[in-house]
Amino acid sequence: MSSPRDPAHPGPGPKDSEEGSLISIPEIIRKKRDGQTLQPDEIRYFVQTLGSGRSREGQIGAMLMAIRLRGMDPCETLMLTREMAASGTTLEWPAQWRGLLVDKHSTGGVGDKVSLPLAPALAACGCKVPMISGRGLGHTGGTLDKLESVPGFCVSQSPEQMREILEKAGCCIVEQSQHLVPADKVLYALRDVTATVDSLPLIISSILSKKMVEKLSALVLDVKFGSAALYHTLEGAEQLAQSLVSVGNHLGTKTAAILSRMDEPIGCRVGNSLEVLEALQCLEGGGPGDLRELNWPISVKVTFLTLYTVKVAVQKRTLYYVN
């Protein structure tokens with residue numbers, strides 16, 4: 001059902017510093033603080049210490065701030081994403097699902113409830129949607145928080161439970177866990193309290209590490225821009241979208257992105273349980289027009305990617321725009 005590490009991934013990282021390795025968390029923080037490029041084994045070592053007790057919360061916070069202030073080059077970002085994905089198990093699916101595994105992710109916005117009606121809609125079209133999602137970050141609402149407003153709804157599922165749900169319903173929305181991308185779970189919780197939510201490499205590694213372990217056939221990213229988005233300008237959102245598409249494709253998942261405005265809430269209702277109700281209205285063919293309108297292009301892009309009809313465009317890192 002799942003494997004602890006992608007077979008194509010490099011082997012175990014370096015030993016702890018007290019066992020003879022020259023690598024240490026303070027040294028890694030210092031290098032990034034001073035704007036130096038981290039080596040792959042240093043990034044691997046940092047990620048492997050997350051949640052293990054070998055790195056303290058203060059050190060993790062310092063590292064997040066160093067990345068926020070100094071950034072990461074494309075190779076560092078790619079390595080961080082790969083190592084975060086490898087921190088847990090990689091999901092494995094039946095051979096007959098090949099070509100049907102799809103997902104979508106949004107960079108977030110007020111009232112952004114698109115995932116709730118989109119996942120079952122894609123499942124109804126014959127797709128399998130193993131969505132590993134996140135909680136609220138900054139001013140944005142989290143899909144998991146919305147679902148947990150439903151009494152008794154459990155977002156914590158094992159890989160075996162995910163497969164069972166996908167076989168029965170065609171889609172599931174779950175959280176990071178001790179099995180699934182545990183490194184992201186640690187960093188995700190600290191980004192909000194360390195004011196590092198808008199860091200480009202941290203956004204990219206958080207989003208794509210979760211998607212990488214899903215073994216997807218296609219991924220569409222909804223990158224927001226506007227006064228209520230993480231990136232207020234179209235230029236900033238374009239940079240994020242281009243980086244996400246580039247890293248996603250380098251990691252072996254056919255990836256495309258749309259850019260959508262976030263100057264006002266999506267739909268008419270804001271609040272976890274209220275947004276669930278609005279999502280149900282959308283599934284029934286009702287609800288606000290802007291929610292249905294945004295679901296449509298994302299669904300089309302997912303379908304196109306799955307059917308390979310825009311294979312050349314995706315290989316060229318083409319972006320799709322919704323204004």
Side-chain angles (χ1 to χ4, degrees), residues 1-6 9 43-44 46-55 57 60-61 63-64 67 77 79-93 101-108 112 115-116 119 128-138 140-149 153-166 171-194 196-197 199 201-216 219 221 230 244 247-248 251 253 272:
M1 176 58 214
S2 59
S3 57
R5 197 175 184 94
D6 192 320
H9 191 275
I43 295 174
R44 183 177 303 124
F46 169 70
V47 172
Q48 290 180 352
T49 66
L50 296 174
S52 68
R54 288 183 291 165
S55 57
E57 186 172 285
I60 301 172
M63 185 62 178
L64 290 175
I67 293 173
T77 303
M79 187 66 184
L80 178 61
T81 305
R82 182 179 286 128
E83 287 300 324
M84 286 173 61
S87 67
T89 57
T90 299
L91 298 169
E92 300 292 344
W93 309 113
L101 291 154
V102 300
D103 200 357
K104 159 266 178 188
H105 184 87
S106 169
T107 56
D112 187 356
S115 293
L116 299 181
K128 300 294 184 182
V129 189
M131 187 180 294
I132 304 174
S133 192
R135 299 189 179 277
L137 201 59
T140 65
T143 300
L144 299 179
D145 302 312
K146 303 181 202 302
L147 289 172
E148 286 184 332
S149 70
F153 196 100
C154 180
V155 298
S156 181
Q157 303 289 332
S158 69
E160 292 73 23
Q161 289 171 319
M162 288 181 66
R163 174 169 172 168
E164 182 179 351
I165 294 170
L166 287 179
C171 66
C172 63
I173 302 178
V174 303
E175 69 174 348
Q176 313 103 309
S177 66
Q178 61 178 343
H179 302 290
L180 301 171
V181 208
D184 180 61
K185 189 176 181 70
V186 174
L187 296 184
Y188 199 92
L190 287 175
R191 283 168 60 202
D192 218 355
V193 298
T194 56
T196 56
V197 171
S199 167
L202 295 179
I203 293 172
I204 294 169
S205 59
S206 177
I207 292 174
L208 294 180
S209 62
K210 292 192 282 284
K211 303 310 176 185
M212 184 179 174
V213 303
E214 295 175 7
K215 290 292 187 71
L216 299 172
L219 170 66
L221 300 158
L230 286 177
L244 284 166
V247 173
L251 292 175
T253 300
N272 293 335

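Values below: all heavy atoms of this structure, side chains included; hydrogens, waters and symmetry mates excluded. Worth saying up front: this structure is predicted, and the values here are computed from it rather than measured.
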Flag the pair Glu175 and Lys210 as a salt bridge only when some basic side-chain nitrogen lies within less than 4.0 angstrom of an acidic carboxylate oxygen.
no
So does Glu160 pair up with Arg163, basic N to acidic O under 4.0 Å?
no
Spatial distance of atom CG (Leu50) from atom CD (Glu83) [nearest 0.5 Å]
11.0 Å
Of all heavy-atom pairs between Leu202 and Thr196, which one has the smallest distance, and what is that distance?
CD1-O, 3.9 Å
Heavy-atom pair with the smallest gap, counting every atom of Pro159 and Leu91:
CB-CD2, 3.6 Å
Nearest 0.5 Å, please: how far is NZ in Lys128 from CG in Leu166?
6.5 Å
Rounded distance (nearest 0.5 Å) linking atom CG of Leu187 with atom CZ of Arg191
8.0 Å
Where is the tightest heavy-atom contact between Ser206 and Asp184, given as atom of each residue plus distance?
OG-OD1, 2.7 Å
Ignoring hydrogens, what is the shortest heavy-atom contact between Gln157 and Cys154? Give both atom names and the distance.
NE2-O, 3.1 Å
Between Lys211 and Leu216 (side chain of the first, backbone of the second, donor and acceptor by atom type, cut-off under 3.5 Å), is there such a pair?
no
Heavy atoms of other groups near Gln161 CD, more than 12 under 6.0 Å
yes
Output yes when a side-chain donor or acceptor of Trp93 lies under 3.5 Å from a complementary backbone atom of Leu101, and no otherwise.
no
Please confirm whether the backbone N or O of Ala183 pairs with a side-chain atom of Ser87, one donor and one acceptor, at under 3.5 Å?
yes
Does Arg135 offer a backbone N or O that forms a donor-acceptor pair with the side chain of Tyr188 under 3.5 Å?
yes
With distance as the sole test, does Ser209 use its side chain to make a donor-acceptor pair with the main-chain N or O of Thr81 at under 3.5 Å?
no
Could you tell me which non-hydrogen atom of Val181 sits nearest to which non-hydrogen atom of Val213, and how far apart they are?
CG2-CG2, 3.9 Å
Could you tell me whether the side chain of Gln176 and the main chain of Ile132 form a donor-acceptor pair under 3.5 Å?
no
Asn272 vs Glu148, test: side chain to side chain contact (heavy atoms under 4.5 Å, CB included). Steps then yes/no.
CA-CA 8 Å; Asn272 293 335; Glu148 286 184 332; over 6 Å; no
Taking all atoms of both residues into account, what is the closest heavy-atom pair of Ile173 and Ser115, and its distance?
CD1-O, 4.2 Å
List the steps and the verdict of side chain to side chain contact (heavy atoms under 4.5 Å, CB included) for Leu116 and Leu147.
CA-CA 8 Å; Leu116 299 181; Leu147 289 172; 3.6 Å; yes
Has the side chain of Thr194 got a donor or acceptor atom that lies under 3.5 Å from a matching backbone atom of Gly61?
no
